[in-house]
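Everything numeric in this text was worked out from a predicted model, so none of it was measured.
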2 protein chains.
Amino acid sequence: MKEETRRQEIVRIASVLFKERGYSAVTMRDIANELGIKAASLYNHIKSKQEILHDIIISLAEDFTAGMELIFNANDSNIGKLQRIIELHVHITTNNQYGMASLNNDWMHLEESLDYYLNLRTDYEDNFRNIIKSGIASGEIINVNPEVMLFSILSTLRSLYLWIPKKEDLLQDTLANDLGDVLLKGITL
Amino acid sequence: MKEETRRQEIVRIASVLFKERGYSAVTMRDIANELGIKAASLYNHIKSKQEILHDIIISLAEDFTAGMELIFNANDSNIGKLQRIIELHVHITTNNQYGMASLNNDWMHLEESLDYYLNLRTDYEDNFRNIIKSGIASGEIINVNPEVMLFSILSTLRSLYLWIPKKEDLLQDTLANDLGDVLLKGITL
DNA sequence: CCTCAAAACTAACAATTGTTAGTTAGTTAA
DNA sequence: TTAACTAACTAACAATTGTTAGTTTTGAGG
């Protein structure tokens with residue numbers, strides 16, 4: 001484990017508060033308080049509140065886009081790719097449950113990096129959609145509206161951050177497997 | 001159609017802004033601006049900003065709890081009940097896509113009514129969970145961790161508000177049917 | 001012990017926040 | 001015409017916001 005810089009600590013603490021209350025409802029004084037220092041002292045380490053949000057969201061969004069790129073270009077069945085996407089989400093969310101809240105709910109408060117974020121998200125969704133469409137074309141996946149499938153699976157994966165912390169006992173692999181069963185094979189016997 | 005009171009108009013406009021930016025990032029002046037009046041004038045119709053949030057969230061939460069109660073006590077198979085829950089979400093979300101954003105993301109900013117809201121939500125989830133467990137016991141539903149199934153289905157249904165406005169062409173019934181297929185029967189051929 | 005940089009501090013700022021008080025214009029009912 | 005009511009207004013408030021300037025404390029290396 002590398003040492004955590006004060007800057008990283010600020011971002012980490014902030015992401016916890018942002019998950020609880022949302023970016024706009026958390027003040028610099030709240031963050032400073034949690035660290036036992038004064039708000040003004042934060043500015044020795046970070047440039048602005050906005051920069052904290054950027055740090056949290058952009059690194060996560062890039063992780064997803066990079067992971068998706070790998071899966072998309074891999075030599076695998078389309079169902080196999082979907083299973084690997086599920087694992088990607090479980091993995092990233094397990095390692096940063098707090099940041100995932102900002103990624104989902106506070107992205108609209110990004111300023112300079114908003115367009116960049118939106119592009120990353122669009123790329124990600126396009127790849128996801130193309131995997132589903134390929135799966136339908138190849139007969140791996142049922143012929144239902146692919147938008148409904150994309151939406152349904154992605155909604156579940158994006159909400160993982162709300163749920164993983166409550167089920168700490170569940171192993172990452174077990175969770176990814178169960179989710180794969182439920183999302184891909186359905187729940188009907 | 002009944003006439004909309006000024007108060008209802010305020011709550012409706014506010015819910016649109018709350019969906020875009022979140023409760024904390026929307027000011028009384030923003031809401032007033034959208035109505036073409038001054039912020040102070042809002043107080044002729046409402047008691048506080050907090051009351052607007054209460055209005056939006058609590059009525060929706062009560063709709064869900066009441067709808068669930070009906071379904072739970074109905075004479076139907078457990079899979080049938082799940083399908084009716086899907087229809088309940090599609091129906092309520094279609095009729096109030098903006099309010100659903102606050103229900104999902106701004107409930108933590110409720111003050112006096114926070115406990116009441118949390119109780120409604122717990123009741124709802126308990127009923128949902130019991131339907132799934134009954135379905136497993138009766139052999140209608142596969143024997144996978146019921147928490148994973150509850151989480152997966154509910155996440156999708158709770159995210160509908162993000163997605164329904166983009167697919168206005170899709171009829172309520174078609175959407176509920178497709179969602180039922182995907183969520184219950186899975187997507188694998 | 002001294003130096004120097006990192007990281008804390010105090011004090012203050014201009015802007016914005018939700019809300020109140022008091023007033024005014026427009027509509028309805030007597 | 002008058003009286004009452006509704007819903008807008010202006011002006012202001014105290015508190016809180018993100019941030020800056022300038023200063024002091026701390027701790028490691030020479």
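Atoms CG (B:L42) and P (C:dT20) sit 13 Å apart, rounded to a whole Å. Atom CG of B:N33 and atom P of C:dT16 are 13 Å apart (whole Å). Here the C1' atom of nucleotide C:dG18 and the OH atom of B:Y43 are 5 Å apart, to the nearest Å. Distance NZ (B:K49) to C1' (C:dT19): 12 Å, rounded to an integer number of Å. Rounding to whole angstrom units, CD1 of residue B:I37 and C1' of D:dT10 are separated by 14 Å. Here D:dA7 presents its P atom at 18 Å from CD1 of B:I31, a figure rounded to the nearest Å. Rounding to whole angstrom units, CD1 of residue A:I10 and C1' of D:dG18 are separated by 15 Å. Atom pair A:Q8:CD and C:dA7:P shows a separation of 12 Å (rounding to whole Å applied).
Interatomic distance, A:E9 CD to A:I31 CD1, rounded to the nearest 0.5 Å: 12.0 Å. For the atom pair CG (A:L157) and OG1 (A:T93), the distance works out to 8.0 Å, reported to the nearest 0.5 Å.
Between A:K38 and C:dA8, a side-chain N or O to OP1/OP2 separation shorter than 4.0 Å is absent. Within the structure, every side-chain polar atom (N or O) of B:H45 is placed at least 4.0 Å from both OP1 and OP2 of D:dT6.
In this structure, B:S41 reaches the bases: a heavy-atom distance under 4.0 Å links it to at least one base atom across the strands shown. When heavy atoms are screened at a 4.0 angstrom cut-off, A:R6 is found touching the sugar-phosphate backbone but no base atom.
You'll find that the side chain of A:A40 is closest to C:dT10, out of D:dG18, C:dT10, C:dT19. Nearest nucleotide to the side chain of A:T27, out of D:dA12, D:dT10, D:dT17: D:dT17.
One finds no salt bridge joining B:E87 and B:R84 here, because no Lys/Arg side-chain nitrogen approaches an Asp/Glu carboxylate oxygen to under 4.0 Å.
Crowding of B:Y98 atom OH: a count of heavy atoms from other residues, nucleotides or ligands under 6.0 Å not exceeding 12.
Mapping A:N44 and A:A25 onto DNA chain D by nearest heavy atom places A:A25 closer to the 5' end of the strand.
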Test log, rule side chain to side chain donor-acceptor pair (under 3.5 Å), inputs B:D30 and B:T27 = CA-CA 5 Å; B:D30 291 334; B:T27 70; 3.2 Å; yes
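Two residues are said to be in side-chain contact when any heavy atoms from C-beta on lie closer than 4.5 Å; B:W163 and A:V148 meet this criterion.
The only member of A:Y117, A:F18, A:Y23 that meets ring-ring contact (aromatic ring centres under 6.0 Å, His included) when paired with A:W107 is A:Y117.
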So which protein N/O to nucleotides 23-25 of chain C N/O distances come out below 3.5 Å?
none

